[in-house]
Number of protein chains: 2
Amino acid sequence: MLNKFYHTAEDMIRHHGGRATAGRIGILATLLAEQQAITHREIEQRLPQSLQLDRVTLYRTLEWLVENGLIHKITSDDRVWRYNANLEPHSHQHAHFKCTGCAQVICLDNLPIEQNWPLPTGYRFQEIELTVKGLCANCC
Amino acid sequence: MLNKFYHTAEDMIRHHGGRATAGRIGILATLLAEQQAITHREIEQRLPQSLQLDRVTLYRTLEWLVENGLIHKITSDDRVWRYNANLEPHSHQHAHFKCTGCAQVICLDNLPIEQNWPLPTGYRFQEIELTVKGLCANCC
DNA sequence: GCTTGCGCCGCAACTGAGTTGCAACAATGA
DNA sequence: TCATTGTTGCAACTCAGTTGCGGCGCAAGC
Ligand SMILES: [Mn+2]
Ligand SMILES: [Mn+2]
Ligand SMILES: [Zn+2]
Ligand SMILES: [Zn+2]
């Protein structure tokens with residue numbers, strides 16, 4: 001039932017005062033339907049035939065969704081961004097897991113991150129990026 | 001006194017059974033002399049005139065140094081690798097700090113990393129990547 | 001010291017993710 | 001319905017990193 005996600009996506013976008021274009025809705029719905037964080041390429045592949053967007057549009061839409069706090073993007077060691085929808089219980093600060101076998105990335109939402117890292121004198125803390133690497137259940 | 005680092009570098013390379021070429025020694029000495037992790041570009045700039053290497057050679061040499069455990073490389077959100085020498089007290093598992101102002105990256109060697117992250121059932125832990133972001137003393 | 005073989009180096013071409021400029025288009029609000 | 005303004009598609013670009021290959025030079029053996 002992808003329909004549900006399309007409806008939710010449109011709601012989320014309108015609540016942020018943005019134009020509810022087919023592209024934004026489709027991309028956000030795709031990310032809402034996904035259990036893991038996926039790349040630009042993977043999003044492109046999952047979009048329905050009726051919604052083939054230019055790659056640049058896809059990049060710009062993802063940027064807009066990130067800036068408006070509807071999704072977040074994750075750094076990885078393969079130099080490719082991965083994106084995931086910001087569900088409500090999704091705390092802004094959370095860790096991620098990356099499988100070294102299949103490159104799958106998931107959010108570890110229930111992993112609270114310590115904020116008190118002892119930095120050198122004069123340094124100011126802002127945020128943390130934490131990726132646990134290992135093998136997922138399929139790759140073990 | 002860069003000379004000292006060149007000597008140390010040559011020693012380290014020979015102890016690993018590798019050919020002690022001018023390029024390897026110069027690159028490793030450059031990293032030994034550095035207090036922070038630096039990029040491919042920055043290494044290139046710091047190499048003396050007498051040792052201008054092709055960029056591909058630089059990439060391949062860095063790869064060799066990483067594989068032989070003499071240096072390590074660090075992922076970053078700007079899609080550029082940064083490299084740092086493996087000094088002896090350098091534990092393999094340590095965190096890094098990246099300044100959001102000047103992009104400087106340093107190793108937080110004395111920051112012990114918890115190894116027992118609660119992963120989903122069936123997942124196997126391998127290693128961790130932790131980057132603290134904030135402002136360095138200069139950028140505060 | 002001289003020779004030789006294997007590994008290292010430089011060059012050219014390529015890959016692939018992400019960015020920029022600009023003109024055409026379409027969602028919204030009047 | 002129309003005008004405004006933000007969004008889209010296209011072409012060209014940037015930039016880090018990779019690959020293939022011929023030639024050079026380090027180190028081992030004489
Ligand atoms: Mn996440
Ligand atoms: Mn380090
Ligand atoms: Zn896996
Ligand atoms: Zn700084």
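In what follows, chains are A, B, ... by sequence order, proteins preceding strands, each numbered from 1.
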Practice problem: Specify the separation, in whole Å, of atom CD1 of A:Ile13 and atom P of D:dG6. | Solution: 17 Å
Quiz item: So, the side chain of A:Arg24 versus the backbone of A:Arg19: is there a donor-acceptor pair under 3.5 Å, distance only?
Solution: yes
Self-check item: Salt-bridge criterion met for A:Glu42 and A:Arg46 (N-O under 4.0 Å)
Solution: no
Practice problem: Find the distance B:Asp77:CG to C:dG18:C1' and express it as a whole number of Å. | Solution: 14 Å
Quiz item: Which nucleotide in the set D:dG17, C:dA27, C:dC9 lies at the smallest distance from any side-chain heavy atom of A:Arg79?
Solution: D:dG17
Self-check item: Atom-pair distance (CD on B:Glu44; P on D:dC15), nearest Å
Solution: 14 Å
Exercise. Taking B:Asn68 for its side chain and B:Leu70 for its backbone only, find out whether a donor-acceptor pair lies under 3.5 Å.
Key: no
Quiz item: Is any side-chain nitrogen or oxygen of B:Arg41 closer than 4.0 Å to OP1 or OP2 of D:dC15?
Solution: no
Quiz item: Do any side-chain nitrogens or oxygens of A:Thr21 fall under 4.0 Å of OP1 or OP2 in D:dT8?
Solution: yes
Quiz item: Side chain of B:Asn86, backbone of B:Gly69: donor and acceptor closer than 3.5 Å?
Solution: yes
Self-check item: Residue pairs involving residues 35-61 of chain B (criterion ring pair (Phe, Tyr, Trp, His ring centres under 6.0 Å); sequence neighbours excluded)
Solution: B:His40-B:Tyr59
Self-check item: Between C:dT19 (P) and B:Asp78 (CG): distance, integer Å
Solution: 12 Å
Exercise. Could you check how far CG of B:Leu51 sits from P of D:dG25, rounded to whole Å?
Key: 14 Å
Quiz item: Just checking B:Arg60: base, sugar-phosphate only, or nothing, at a heavy-atom cut-off of under 4.0 Å?
Solution: base
Quiz prompt | 5' precedence on DNA chain C between B:Leu53 and A:Arg14 (nearest-nucleotide basis) | solution = B:Leu53
Quiz item: With sugar-phosphate meaning primed atoms plus P, OP1 and OP2, does B:Thr61 contact a base, only sugar-phosphate, or nothing at under 4.0 Å between heavy atoms?
Solution: sugar-phosphate
Quiz item: So which nucleotide from D:dT18, C:dC8, C:dG18 ends up closest to the side chain of B:Tyr59?
Solution: D:dT18
Quiz item: A:Val80 near the nucleic acid: base, sugar-phosphate alone, or nothing, with a heavy-atom cut-off under 4.0 Å?
Solution: sugar-phosphate
Quiz prompt | Salt bridge B:Lys98-A:Glu129, side-chain N to carboxylate O under 4.0 Å | solution = no
Exercise. Side chain of B:Val56 only, please: which of C:dC11, D:dA27, D:dG17 is the nearest?
Key: C:dC11
Exercise. When you get a sec, tell me which of D:dC10, D:dC26, D:dG6 is the closest nucleotide to the side chain of B:Arg19?
Key: D:dC26
Quiz item: When the distance from CD of B:Gln45 to P of D:dA16 is rounded to whole Å, what number comes out?
Solution: 11 Å
Exercise. Give the nucleotide from the list D:dT18, C:dC6, D:dT19 with an atom nearest to the side chain of B:Arg55.
Key: D:dT18
Quiz item: Out of C:dG18, D:dC10, D:dA27, which has the shortest distance to the side chain of A:Trp81?
Solution: C:dG18
Practice problem: Mind checking B:Thr57 for me? I need base, sugar-phosphate or nothing, with any heavy atom below 4.0 Å counting as a touch. | Solution: base
Quiz item: How long is the line joining CG of A:Leu58 and C1' of C:dG18, in whole Å?
Solution: 11 Å
Practice problem: Using the closest heavy atom to pick a nucleotide of DNA chain D for each, name whichever of B:Gly18 or A:Asp54 lands nearer the 5' end. | Solution: A:Asp54
Quiz item: Could you state the CZ-C1' distance from B:Arg24 to D:dA27, rounded to the nearest angstrom?
Solution: 12 Å
